[in-house]
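Notes follow the structure.
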Amino acid sequence: MIKFLDLQKINMLHQKEIEQKLLETFRSGWYLLGEETKLFEQNLAGYIGVKHAIGTANGLDALRLILRAYMEMGVMQPGDEVIVPANTYIASVLAITENGLKPVFAEPDETTFNIDLTKIEESISQRTKAIMIVHLYGQAVFSDALQNLAQKYNLKIIEDNAQAIGAVWNGRKTGSLADAAAFSFYPGKNLGALGDGGAVTSDDDRLAKTLRALANYGSETKYVHKYKGLNSRLDEIQAAVLNIKLQYLDAENQKRREIAEFYINNIINPKIKVPAWPAKPESHVWHLFVIRCTERDRLQQYLTDNGIQTQVHYPIPPHKQDAYREYNTLSLPVTEKLHNEVLSLPISPVLTQEEIQTITEILNKF
Ligand SMILES: *Cc1c(COP(=O)(O)O)cnc(C)c1O
């Protein structure tokens, strides 16, 4: 059986280094807000090319905290609107509604799965305060026109960079393109911890200071609480693992690119639509390799029967979920069509050439 994602194999690539560091961290007796986290924040800020990186407990918290910080800073108020791609993981939307803000769903571009940059302006209203972009499946989405739009309407741009760490747009890394960015180190992400973890990056001093306090019980000085904060910290063990794995991220992303290129060149079944190879390969880190098929469910069953695990990202868009009943009647045809057709194939730095070949051959026989 070819697994969708073999996390054990992925982490075993760095077994010696990780095991030694885990033991060291365990023996240090210091488990939160210590040297490893501080070092990881420096490493991440340096890697992304920003002034600040702040560790959080997970990616959802990173997103929530960015919006919460903007609210504490008076940039937005409850009831204000945030434009968000309709085609995203629910976390992007949860971060908005948890802060009492209103999500305004924007349709994707069918060829990239990412928010259609040409259609954002029509979603802007008097109450719009931010645009949340999601670099979905690992592909950077940005443009000078988007930046101009934000300037024209005085909007913040927030990057949900949970899936695209290491992607480069016009010489700059995702996570450094806009006002603030959220990262996830969920084990299955391109830079995965051994549990939950997240981070926020930004060049904005005030945002960074506010957010760091919010993530630590609203406190800048121990037992003095400026905000009704939360507890959302990256722990020392996760930071230690991430410090090791960050060194290999570019090489592992390159491996994903090679697999994606092989799939694109060799899957030739007319029933299957493969994603486009991006004009700038560095703009995509292939967190997921997503094909489209109008007979998606039958194709998935066929692959399962042939020993290939796949997943659907995602089967139900946020606006069709029970959690968002108030948006269930919205019609977002591009998003809804994509959700019925997408299928994610195995892709990871440990997938072998033989496995990729087998997957391709079986797909071509469907
Ligand atoms: C994984 C993910 C998140 C949430 O990250 P967690 O660490 O699981 O909380 C947010 N947005 C997107 C697009 C994601 O893929």
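Residue numbers run from 1 in the order of the sequence given. All values below were derived from every heavy atom in this structure, side-chain atoms included, with hydrogens, water molecules and symmetry-related copies excluded. Quick caveat, the model's predicted, so the values are computed rather than measured. Atoms within a ligand are numbered from 1 in the order they appear, just like the ligands themselves.
Protein heavy atom in closest approach to atom 11 (N) of ligand 1: Asp160 OD2, 2.7 Å. Protein heavy atom at the shortest distance from atom 2 (C) of ligand 1 is Lys189 NZ, 2.7 Å. At the shortest separation from atom 15 (O) of ligand 1 among protein heavy atoms lies Gln163 NE2, 2.8 Å. For atom 10 (C) of ligand 1, the closest non-hydrogen atom on the protein side is Ala91 CB, 3.4 Å.
Under 4.0 Å is where a charged nitrogen must lie from a carboxylate oxygen, and between Lys102 and Glu326 no such pair does. At a threshold of 4.0 Å, the pair Lys226-Glu72 does not count as salt-bridged, since none of the basic side-chain nitrogens sits closer than that to a carboxylate oxygen. Using a 4.0 Å cut-off between a side-chain N of Lys or Arg and a carboxylate O of Asp or Glu, Lys21 and Glu24 qualify as a salt bridge.
Using a non-hydrogen distance threshold of 4.0 Å, His287 does not register as a contact of ligand 1.
In this structure, Tyr324 and Tyr327 have tilted ring planes: the angle between them lies in the 30° to 60° band. Ring pair His339/Tyr314 is tilted by interplanar angle, where 30° to 60° counts as tilted.
Interface atoms of ligand 1 facing Leu60, defined by a heavy-atom separation under 4.0 Å, are 4 (C), 5 (O), 6 (P), 9 (O). Close contacts of ligand 1 with Ala162, meaning ligand atoms under 4.0 Å from a residue heavy atom, involve 2 (C), 3 (C), 10 (C), 11 (N), 12 (C), 14 (C), 15 (O). Distances below 4.0 Å separate heavy atoms of Gly59 from the following atoms of ligand 1: 5 (O), 6 (P), 7 (O), 9 (O).
Ring-centre distance between His14 and Tyr248: below the 6.0 Å cut-off.
Taken from OG in Ser28 to CD in Glu36, the straight-line distance is 8.5 Å, to the nearest 0.5 Å.
Closest heavy-atom approach to atom 8 (O) of ligand 1 within the set Ser184, Ser92, Gly195: this belongs to Ser184.
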